[in-house]
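The first residue in the sequence is number 1, and the count goes up from there. Keep in mind the model is a prediction, meaning the values are calculated, not measured.
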Amino acid sequence: MANLTPKQALSLAQDKKATYVDLKFMDFIGIWQHFSIPLDELTEEVFEEGLGFDGSSIRGWQAINASDMLVMPDASTAVIDPFMAEPTLSIICNIVDPITKEPYSRDPRNIAIKAEKYLKSTGIGDVAYFGPEPEFFIFDEVRYDSGVNHSFYKVDSGEGQWNTGREEAGGNLGYKPRYKEGYFPVAPTDSQQDIRTEMCRVMESVGIKVERQHHEVATAGQAEIDIRFDSLVRCADQLQWFKYVIKNVARRHGKTVTFMPKPLYGDNGSGMHTHQSIWKNGKPLFAGDGYAGLSELAMWYIGGVLKHGPALAALCNPSTNSYKRLVPGFEAPINLAYSARNRSASIRIPMYSPSPKAKRIEFRTPDPSCNGYIAFAAQLMAGLDGIENKINPGQPLDKDIYGLSPEELKDIPKMPGSLDEALEALRKDHKFLLKGDVFTEDVIETWIQYKYDKEVTPVRSRPHPMEFALYFDM
């Protein structure tokens, strides 16, 4: 992304012969929203004054009696949208209260901006770098429905191991990744190399630097594309472009993508390992002469993330489906521990490079159903709390956690086992998020209530197909 000024954004639109401008912004829960205007409606004044819209129609936002909001286009994010038939300038926006002109407290991007400002205000560092590794599934078809007397879902993929016996047009040629063996055979078993490469090329067209792409562990089109780290807000912006690009490229090919953490039973789910570090004056602060080459400051950061891990789960693993992934046996890190190289720990210290610039931590618990602005901000605030209070993370756990006995595991803290458990952890432990007014009590309360009302209760109150298999003949 080119970091343009308003004048440069308008020049870009003219150079590319754009006729429309698409204004994108993040809803409270984590899905991009948008509306479009003719190019001649976008002036330099709009970048200062904003454009009005109805905030009451956005999930978790304003009540109907206080619905007017303003979108404020951020010129630095302007790019040409790669999917619209009409040449269109796309700009990410912030949300502002039209009366007070103050940034809206429930705007996720504003929360991320405040987290960056808080880091600078502490004097600890001046930039927090984040690098997510989102995993996802590419399916050929998805069908689902739920009613008073029925409930079902079905996903399908030509790569699905369950289709080895299916009659297919032209004959079933096999070459379908075995369960837990999708990491990472060559073609023809990996049938989606070209579609992933196309996704990468389109990402590059909107300014995202791709580092690698590959098939992931699960059968049926599980994939991972890694993008280069960037500062917190810019990385969250890129994560939204990432999801947008992947879904739309898949659609071009008659396929569909999900970032659900656990769409398949009995095979690996999708995580979003999140690399992070703090720098100051161009120098990495996580490099030192301690454990795994980390500084004392980095160890305190780890201490903060581990201490607040259960509360972070409500924001970094924010769906009921998230906790279908966070179970033993599928490489998901459910134990709150840290280690060098050990991928079964919730925090890993990558050891690929001896360079101080490469020194970082990798929080492996988050999944791609999260709202990147909120999840990254929360992780930074937990780490900063660890630094400010010099929280000792304890001893590293360099053994294979999954191979430990129950006696050895009993003293290792664990991630919540359900979304409602995570929400209760957040309710009890969120003061660290309130520093610098980054999160507010209103944001925390609204998040918890929304999740209970719209997700936990609807899922909990409906019969499950497995219950029929277990109990129908009782």
With side chain to side chain contact (heavy atoms under 4.5 Å, CB included) as the criterion, how do Asp190 and Glu159 come out once you've worked through the C-alpha distance, each side chain's angles and the decisive distance to 0.1 Å? CA-CA 8 Å; Asp190 177 4; Glu159 280 197 355; 4.2 Å; yes
Using the six-membered ring of Trp447, assess whether NZ or CZ of Lys451 lies under 6.0 Å from its centre and within 45 degrees of the ring axis. yes
Heavy-atom closest pair, residues [X] and [Y]:
X: Val155; Y: Trp162; result: O-CZ2, 4.0 Å
X: Cys93; Y: Val71; result: CB-CB, 4.0 Å
X: Thr274; Y: Phe130; result: CG2-CD2, 3.7 Å
X: Asp367; Y: Ser322; result: OD2-OG, 2.7 Å
X: Gln8; Y: Thr5; result: OE1-N, 2.9 Å
X: Ser36; Y: Tyr20; result: CB-CD2, 4.2 Å

Set out, in order, the CA-CA distance, both residues' side-chain angles and the distance that settles side-chain hydrogen bond (donor to acceptor under 3.5 Å, both in side chains) for Gln276 and Gln379, then state yes or no. CA-CA 9 Å; Gln276 49 206 278; Gln379 290 171 63; 2.8 Å; yes
So [Y] and [X], do their side chains get closer than 4.5 Å, heavy atoms only?
X: Ile91; Y: Leu42; value: yes
X: Pro318; Y: Ser369; value: yes
X: Leu232; Y: Leu380; value: yes
X: Asn281; Y: Asp126; value: yes
X: Leu294; Y: Lys359; value: yes
X: Tyr175; Y: Ser191; value: no
X: Val257; Y: Arg251; value: no
X: Leu426; Y: Ile448; value: yes

Chi angles and distances behind the side-chain hydrogen bond (donor to acceptor under 3.5 Å, both in side chains) call for Asp156, Asn163: CA-CA 9 Å; Asp156 205 2; Asn163 281 324; 2.8 Å; yes
Within 6.0 Å of CG in Asp194, more than 12 heavy atoms from elsewhere: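 Incorrect, the count does not exceed 12.
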Quick test of your reading of the model: are [X] and [Y] salt-bridged, counting only N-O distances below 4.0 Å?
X: Glu141; Y: Arg143; result: yes
X: Lys435; Y: Glu388; result: yes
X: Glu198; Y: Arg252; result: yes
X: Arg178; Y: Asp267; result: no
X: Lys176; Y: Glu168; result: yes
X: Lys24; Y: Asp22; result: yes
X: Arg59; Y: Asp27; result: yes
X: Arg109; Y: Asp237; result: yes
X: Asp140; Y: Lys255; result: yes

Find the distance between [atom1] ([X]) and [atom2] ([Y]) and round it off to the nearest 0.5 Å.
X: Trp300; Y: Glu296; atom1: CH2; atom2: CD; value: 3.5 Å
X: Asp385; Y: Asn389; atom1: CG; atom2: CG; value: 5.0 Å
X: Phe83; Y: Ser205; atom1: CZ; atom2: OG; value: 7.5 Å
X: Leu312; Y: Ser346; atom1: CG; atom2: OG; value: 10.5 Å
X: Ile208; Y: Gln238; atom1: CD1; atom2: CD; value: 5.0 Å
X: Thr256; Y: Ile246; atom1: OG1; atom2: CD1; value: 12.0 Å

Whether the side chain of [X] engages the backbone of [Y] through a donor-acceptor N/O pair (distance < 3.5 Å, no angle test) should be reported.
X: Asn317; Y: Thr365; result: yes
X: Ser231; Y: Val127; result: no
X: Thr219; Y: Pro177; result: yes
X: His215; Y: Gln222; result: yes
X: Thr77; Y: Ile92; result: yes
X: Asp81; Y: Val206; result: no
X: Lys243; Y: Pro368; result: yes
X: Asp420; Y: Val456; result: no
X: Arg106; Y: Trp61; result: yes
X: Arg427; Y: Ala422; result: no

Step by step, would you call Leu10 with Leu89 a side chain to side chain contact (heavy atoms under 4.5 Å, CB included)? CA-CA 9 Å; Leu10 291 170; Leu89 186 72; 5.7 Å; no
Please verify the inter-ring angle class for Tyr244 with Trp241; under 30° counts as parallel, over 60° as perpendicular, anything in between as tilted. perpendicular
Look at the aromatic rings of Tyr338 and Tyr291 and report parallel, tilted or perpendicular, splitting at 30° and 60°. perpendicular
If you take the centroid of each ring, where Trp contributes its six-membered ring, are Trp32 and Phe25 closer together than 6.0 Å?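 So the answer is no for these two rings.
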Check against side-chain hydrogen bond (donor to acceptor under 3.5 Å, both in side chains), Glu133 and His275: CA-CA 8 Å; Glu133 298 177 352; His275 298 253; 2.9 Å; yes
Pair His214, Tyr183 - check side chain to side chain contact (heavy atoms under 4.5 Å, CB included), show working. CA-CA 8 Å; His214 57 82; Tyr183 189 90; 3.6 Å; yes
Using the ring pair (Phe, Tyr, Trp, His ring centres under 6.0 Å) definition, which of the options Trp279, Phe286, Phe376 pairs with Tyr129? Trp279
Testing Met203, Glu204, Lys209 one by one against Ile227 for a side chain to side chain contact (heavy atoms under 4.5 Å, CB included), which residue passes?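 The residue from Met203, Glu204, Lys209 that satisfies side chain to side chain contact (heavy atoms under 4.5 Å, CB included) with Ile227 turns out to be Met203.
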